[in-house]
Amino acid sequence: MVELLLLLLLLLFPFLLYVAAPQIRKMLSSGVCTSTVEIPGKVVVVTGANTGIGKETAKELAQRGARVYLACRDVQKGELVAKEIQTMTGNQQVLVRKLDLSDTKSIRAFAKGFLAEEKHLHILINNAGVMMCPYSKTADGFEMHIGVNHLGSGVTTYSVHPGTVQTELIRHSSFMNWMWWLFSFFIKTPQQGAQTSLYCALTEGLEILNGSHFSDCHVAWVSAQARNETVARRLWDVSCDLLGLPMD
């Protein structure tokens, strides 16, 4: 009898999991940007905007009237996404510019070109990044993860954690791709993953929280080491030295 009940539970478990999945996903993605602010005339740069969270973020900001620059390594893919966003939002001010964060020459060229086009930058979303890449180096000789995610992106005003999101970030790991597929019912969509970035970009009055870490549209806890001013300054100085930039 006990064995039969156990067998029945095992057979029912996948079905119950499937039924409960939408509620579990909703619970795990509780943070939602509720701001209704419109931003016509504002200039936005979103890195890595041709897919995933970056694409969803760029689409929402374009929907609200901003002029949005999609800063992408793959310009051809970026152009396709730009046309898609233009069609969906009716905003033709969605532009694509080349930016390869693994090459400081590309970063400087992007910055120079942007300054020639625009007088102001109102919102910067440093979304692009890599994860679990096979060992490789950037064009400047840095390990790929530190070169792209830290040195390439620079220092952000806010740091955000989007949660566990179904994006191309795990493309280098067959195991993680399998895990993402297995638990896909519980993983955030790119649109859900974009909410915290949108919250920080659009919510008024967050200036006093500069330097904070956000998760699910709320200020999140960080470790004591992450709040250590001495460590932060040392990281800044080392990063500037590696990039050949003045430290102040």
Side-chain angles (χ1 to χ4, degrees), residues 38-131 133 136-140 142 144-160 162 165 167-169 171 190-191 193-194 196-198 200-202 239-240 242-245:
E38 298 291 322
I39 50 174
K42 298 296 185 182
V43 179
V44 176
V45 170
V46 184
T47 67
N50 57 4
T51 187
I53 294 173
K55 176 182 175 181
E56 292 298 326
T57 302
K59 182 170 66 177
E60 180 63 29
L61 295 174
Q63 182 70 54
R64 294 171 185 248
R67 180 159 65 254
V68 181
Y69 285 83
L70 312 184
C72 306
R73 181 171 55 87
D74 188 334
V75 174
Q76 186 175 6
K77 189 174 181 180
E79 292 287 0
L80 293 174
V81 171
K83 289 178 182 178
E84 178 185 338
I85 294 175
Q86 289 169 353
T87 301
M88 293 180 69
T89 65
N91 183 349
Q92 300 304 304
Q93 293 296 301
V94 182
L95 311 168
V96 180
R97 297 294 181 267
K98 171 78 173 180
L99 175 62
D100 184 351
L101 292 176
S102 68
D103 186 347
T104 55
K105 289 182 180 178
S106 175
I107 297 170
R108 290 188 173 96
F110 170 83
K112 183 178 180 180
F114 179 83
L115 290 172
E117 291 185 90
E118 300 288 349
K119 294 182 179 179
H120 302 285
L121 172 60
H122 300 100
I123 299 173
L124 170 63
I125 307 289
N126 282 329
N127 164 78
V130 296
M131 187 175 82
C133 296
S136 57
K137 292 184 178 182
T138 67
D140 303 279
F142 304 120
M144 188 62 68
H145 294 85
I146 191 75
V148 171
N149 297 343
H150 176 63
L151 298 174
S153 294
V155 180
T156 59
T157 304
Y158 305 104
S159 71
V160 303
V165 185
T167 70
E168 294 182 7
L169 190 61
R171 62 187 179 275
Q191 183 181 30
T196 304
S197 295
L198 291 168
C200 290
L202 298 169
S239 301
C240 289
L242 289 171
L243 293 170
L245 299 173

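Separating the OG atom in S197 from the CG atom in L61 is a distance of 9.0 Å, to the nearest 0.5 Å. Taking OG of S239 as the reference point, atom CG of L151 lies at 5.5 Å (rounded to 0.5 Å). Atoms CG and OG1, from L245 and T104 in turn, are 9.0 Å apart once rounded to the nearest 0.5 Å. Interatomic distance, OG1 of T57 versus CG of L198, reported as 5.0 Å (0.5 Å rounding). To the nearest 0.5 Å, the span separating CG on N126 from CG on L101 amounts to 8.0 Å.
Residues that satisfy the side chain to side chain contact (heavy atoms under 4.5 Å, CB included) test with L80, not counting sequence neighbours, are absent from this structure. Legend: residues meeting side chain to side chain contact (heavy atoms under 4.5 Å, CB included) with S136, ordered by chain and number and at least two apart, are M144. In this structure, the side chain to side chain contact (heavy atoms under 4.5 Å, CB included) partners of H145, at least two apart in sequence or on a different chain, are V130, C133, E143, N149. By the side-chain hydrogen bond (donor to acceptor under 3.5 Å, both in side chains) test, D74 pairs with no residue at all, sequence neighbours left out.
Within the structure, no pair that satisfies the ring pair (Phe, Tyr, Trp, His ring centres under 6.0 Å) test touches residues 80-109, not counting sequence neighbours. Residue pairs meeting the side-chain hydrogen bond (donor to acceptor under 3.5 Å, both in side chains) criterion with at least one member in residues 61-72, sequence neighbours excluded: E60-R64, R67-E118, Y69-E118. Here salt bridge (Lys or Arg N to Asp or Glu O under 4.0 Å) pairs that include residues 42-58, with residues two or more places apart or in two chains, are K55-E84, E56-K59. Within the structure, every pair that satisfies the side-chain hydrogen bond (donor to acceptor under 3.5 Å, both in side chains) test and touches residues 89-102, not counting sequence neighbours, is listed here: R97-E117, D100-S102.
The residue from L70, L121, L99 that alone fulfils the side chain to side chain contact (heavy atoms under 4.5 Å, CB included) condition with V45 is L121.
At least one donor-acceptor pair under 3.5 Å links the side chain of Q86 to the backbone N or O of V94. Using a distance-only test at 3.5 Å, with no hydrogens or angles considered, no donor-acceptor pair links the side chain of T138 to the main chain of D103. Formation of a donor-acceptor pair under 3.5 Å by the S153 side chain with backbone atoms of V148 is found in this model.
In this structure, F142 and L243 have side chains that are in contact, with non-hydrogen atoms separated by less than 4.5 Å.
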